[in-house]
Q: 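Starting off with a structure, shown below.
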Amino acid sequence: MGILMGLSVIGLVAWRYWGLFSMNRKLRLSITERQRAEDAVQQELKVRIQAEEEISRLNRELEKRVIERTFQLEVANRELESFSYSVSHDLRAPLRAISGFAEIIARRHKSGLSEEGQHYFDNIVSASEQMGQLIDDLLRYSRLGRQTVTLKPVPLQEILAQAVESLTPRVTADKAVLSLAEDLPVVSGDRTLLSQIFINLLDNALAYHRKDTPPQVSLDWQSEGDHVVLRVTDKGIGIAPEYHQKIFDVFQRLHSQDEYPGTGIGLAIVKKAVDMLGGRVWVESKVGGGSTFYVEVST
Amino acid sequence: MDRFPAHILLVEDSPMDVELTLDAFRQVRLQNEIQVANNGQEALDYLFGIGDCADRQKYPMPDLILLDLKMPKVDGYEVLRRIKNTPILKRIPVIILTSSKEEGDRALSYDIGANSYLVKPVSFEGFLGVVGHIADYWLTLNVGPPEGENGN
């Protein structure tokens, strides 16, 4: 009994010790694990920091490249514009000579010319007038691009009132019906650019009417979030779908001078002005079914 | 109203432009009063009396200068600058006669001291109108500066 008791005490003590020992080992193990885990975290952190540094380095590089590229584009743009400016100016000098001397002959020396000769001189005079108009328009277009734009709230009511006033002679002469929506919105833009946009759109809408019917043109608008979309609609001759993009290019014309006079700069000016305002312009039209020009600008 | 007897100096590098301008002036009866400088340097030589131009009987000091802007080497701006920086010349009215309507050209011309800025129209008929107005305004209505030098 005594022995049995003794053994069991020893057993109990031994079990206790074993328990303590194994607990100790587990603790030690968990400390190591923890250390390892912490190391791993440290390692991970280091990798992340490196990655972040790499990202910000790449960002800086990218930013630098964007700045450089923008600068190059600006230079190229300026060069192009100063090119078209000088070309237009240098073209004007010989043109003045051509038209000047042709006019002098047509005025003062007409009697010395045969009927055919007179007719050809009249042709020279009117062709140089046309050329003068083209150069003026090219200058107007290139000047538009060199302008700096600050976006400010502009009441379209005022812009369109002026536009309509400048178009009044044409409206009266053609017996046109021009109807504008009331309560036009205030948009974020530039007065000169917005004037150019609407004068040209309205002028086109009035010009390209069917010969047998007086022009009917309307302007309305709707709000779309922080944008407004303005619509200039005519019941004119319309535009074939293959030209819906092309008409916005400089000097693109779909008609002869005799049919519809013009230089083909109007819509190019509209497009450029809209681009400068960060907006969009497009057309929906079909031949014989009239056209609707859409202008989207911010408010 | 009478036109005062005026000497005009036309500074223009394009020979055809010179011909047209002289023709236009003949139309408004101003033929005998115009001297021509064919470029900026000639204009400066004329105004500063260099070489033959020292003979003021033959090359009188102008009462009005018509100045083209775009000329090779010495351009209109340089001529204008020299005129306006020289006491004996600075009171002579200078009319810029150019084909440029550009804001920059207009600003610079007036900044340097141009007295007027006229754009040459493409059509001769329009140009005749411009020349007629020059004759009416600058040679008839406008009262010019007094004779003699300004030492300021």
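Numbered from 1 within each chain, the chains take letters A, B, ... in sequence-line order.
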Q: Just wondering, more than 12 heavy atoms not from H109(A) lying within 6.0 Å of its NE2?
A: yes
Q: Taking side chain as C-beta onward, heavy atoms only, is V122(B) less than 4.5 Å from R92(A)?
A: yes
Q: Are more than 12 heavy atoms from other residues, nucleotides or ligands located less than 6.0 Å from atom CD of E115(A)?
A: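 No.
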Q: Counting heavy atoms not belonging to M61(B), are there more than 12 under 6.0 Å from its CE?
A: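 It does: M61(B) CE has more than 12 such atoms within range.
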Q: Against chain A, label K70(B) side chain, backbone, both or neither, depending on which of its atoms sit under 4.5 Å from a heavy atom there.
A: side chain
Q: Between V125(A) and E125(B), is the side-chain contact (heavy atoms from CB on, under 4.5 Å) condition met? List the steps.
A: CA-CA 11 Å; V125(A) 172; E125(B) 201 170 335; over 6 Å; no
Q: Tell me every residue that passes salt bridge (Lys or Arg N to Asp or Glu O under 4.0 Å) with D111(B), counting only those two or more places apart in sequence or in another chain.
A: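 D111(B) satisfies salt bridge (Lys or Arg N to Asp or Glu O under 4.0 Å) with no residue once adjacent residues are dropped.
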Q: Only heavy atoms, only distances under 4.5 angstrom. Which residues in residues 97-107 of chain A are near chain B?
A: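 From residues 97-107 of chain A, the residues near chain B are A97(A), S99(A), G100(A), F101(A), E103(A), I104(A), R107(A).
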Q: Does OH in Y110(B) sit with more than 12 non-hydrogen atoms of other residues, nucleotides or ligands closer than 6.0 Å?
A: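 Yes, enclosed.
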Q: Do other residues, nucleotides or ligands put more than 12 heavy atoms under 6.0 Å from the CD atom of Q245(A)?
A: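 Counting other residues, nucleotides and ligands, CD of Q245(A) stays at 12 neighbours or fewer.
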Q: Name the region of R140(A), side chain, backbone, both or neither, that has any atom closer than 4.5 Å to a heavy atom of chain B.
A: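 Contact with chain B is absent: no heavy atom of R140(A) under 4.5 Å.
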Q: Heavy-atom distance under 4.5 Å to chain A: side chain of D13(B), backbone, both or neither?
A: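 Neither; nothing under 4.5 Å.
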Q: Under 4.5 Å from any heavy atom of chain A, what part of E103(B) do you find: side chain, backbone, both or neither?
A: neither
Q: Hey, is CD on E68(A) packed in by over 12 heavy atoms from elsewhere, all under 6.0 Å?
A: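 Atom CD in E68(A) is crowded, with more than 12 foreign heavy atoms closer than 6.0 Å.
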Q: When you look at OH of Y117(B), are more than 12 heavy atoms from neighbouring residues, nucleotides or ligands closer to it than 6.0 Å?
A: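 Buried by this count: over 12 neighbours within 6.0 Å.
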Q: Does NZ in K272(A) sit with more than 12 non-hydrogen atoms of other residues, nucleotides or ligands closer than 6.0 Å?
A: yes
Q: By a 4.5 Å heavy-atom criterion (distance strictly below it), what part of S14(B) contacts chain A: side chain, backbone, both, or neither?
A: neither
